Amino acid sequence: MVASTSPSAPLITVFGSTGTQGGSVIDHLISSPKPYRIRAVTRDPSKASGKKLQEMGCEVVKAEISNKDDVERVMKGSDIVFVSNKGMEHGAATEMQHGKNMIEAVKANLSTIKTFIWSGIEHVSQVSGGKYNKVEHFDTKAGWLET
Ligand SMILES: NC(=O)c1ccc[n+]([C@@H]2O[C@H](COP(=O)([O-])OP(=O)(O)OC[C@H]3O[C@@H](n4cnc5c(N)ncnc54)[C@H](OP(=O)(O)O)[C@@H]3O)[C@@H](O)[C@H]2O)c1
């Protein structure tokens, strides 16, 4: 099965498309009985996983989440956006900035975006009443929504 190319099919932009979460979302969309056009975001469309996504009918586009202009550009015309990223490898501040870039880009594309799916996780420090306060890669994901 391949992604739809019908202009009437909703366009979903998937960040983290070459990874576990984004890749799984794409697999499910393609096998869905409902047609979707899929824009798959990666930093390197030329790598094997990017080429595989092209063969699956995805529009594979290059973007670096640290770059606000990139993020805004690849969201253009999207009906739906799915976000998953891996900023924590560069520290909490970077991951928070990635989140801000996403939210700002969604705001700039509200004329088309109807659904924004953000794959987050609980703010562990808050829900544990401060007991567990060293799970930064959870807290930063929850922190996006507070920006
Ligand atoms: N897997 C899980 O079970 C799970 C559960 C809970 C939370 N999470 C969280 O979900 C996020 C993704 O997890 P994953 O397991 O799917 O990771 P993964 O398999 O390592 O994939 C990471 C994805 O993020 C993209 N990416 C990373 N840095 C990027 C950047 N600077 N700009 C653009 N794209 C970037 C990569 O794309 P390219 O390398 O192709 O550019 C890749 O597609 C992580 O933050 C993880 O903590 C994962």
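All values reported here derive from a predicted model rather than from experimental measurement. Counting convention: from 1, in listed order, for ligands and their atoms alike. The first residue of the sequence shown is numbered 1, and numbering continues consecutively from there.
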### Message
I'd like to check Thr115 versus Val81 (side-chain heavy atoms, cut-off strictly below 4.5 Å). Are they in contact?
### Response
no

### Task
Would you mind listing which atoms of ligand 1 come within a distance below 4.0 Å of any non-hydrogen atom of Lys47?
38 (P), 39 (O), 40 (O)

### Task
Determine, stepwise, if the pair Lys68 / Glu104 fulfils side chain to side chain contact (heavy atoms under 4.5 Å, CB included).
CA-CA 8 Å; Lys68 200 172 156 186; Glu104 291 303 318; 3.8 Å; yes

### Query
Is it the side chain (CB and beyond), the backbone, both or neither of Ala63 that lies under 4.0 Å from ligand 1, heavy atoms counted?
backbone

### Message
Check this for me - ligand 1, Arg43, N or O atoms closer than 3.5 angstrom, yes or no?
### Response
yes

### Message
Would Thr18 count as being in polar contact with ligand 1, using the rule that some N or O on each side must be under 3.5 angstrom apart?
### Response
yes

### Message
Rounded at 0.5 Å granularity, tell me how far CG in Asn67 sits from CZ in Arg43.
### Response
13.0 Å

May I have the list of side-chain donor-acceptor pairs in residues 17-30 shorter than 3.5 Å, sequence neighbours left out?
from  : atom 1 : to     : atom 2 : distance (Å)
Ser17 : OG     : Val41  : N      : 3.4
Ser17 : OG     : Val41  : O      : 2.8
Gln21 : OE1    : Ser119 : OG     : 2.5
His28 : ND1    : Ser24  : O      : 2.9

Solution key, residues 70-78 side-chain donor-acceptor pairs under 3.5 Å, sequence neighbours excluded:
from  : atom 1 : to    : atom 2 : distance (Å)
Asp70 : OD1    : Arg73 : NH2    : 3.2
Asp70 : OD2    : Glu64 : N      : 2.8
Arg73 : NH2    : Lys62 : O      : 3.0
Ser78 : OG     : Thr13 : OG1    : 2.6
Ser78 : OG     : Met75 : O      : 2.7

### Query
Ile65 to ligand 1: N or O pair under 3.5 Å?
yes

### Message
Assess the residue pair Ser128 and Gln126 against the criterion (side chain to side chain contact (heavy atoms under 4.5 Å, CB included)); give the C-alpha distance rounded to whole Å, side-chain angles, the decisive distance to 0.1 Å, and a yes or no.
### Response
CA-CA 5 Å; Ser128 70; Gln126 284 179 8; over 6 Å; no

### Task
Would you check if there is a donor-acceptor pair between the side chains of Ser6 and Ser8 at a distance under 3.5 Å?
yes

### Query
Do any nitrogen or oxygen atoms of Asp44 come within less than 3.5 Å of a nitrogen or oxygen of ligand 1?
no

### Query
Nearest non-hydrogen atom to atom 6 (C) of ligand 1 belongs to which of His98, Glu95, Gln21?
Gln21

#### Entry: Sub-4.0 Å atoms of ligand 1 with respect to non-hydrogen atoms of Glu64
30 (C), 31 (N), 32 (N)

### Message
For ligand 1 and Gly19, I'd like to know whether there is a polar contact (N/O to N/O, distance under 3.5 Å).
### Response
yes

#### Entry: Interfacing atoms of ligand 1 (cut-off 4.0 Å, heavy-atom, Ser17)
43 (O)

### Message
Within the 4.0 Å heavy-atom shell around Ser84, which atoms of ligand 1 are there?
### Response
10 (O), 11 (C), 12 (C)

### Task
Step through the shown structure and confirm whether more than 12 heavy atoms of other residues, nucleotides or ligands are within 6.0 Å of NZ on Lys114.
yes

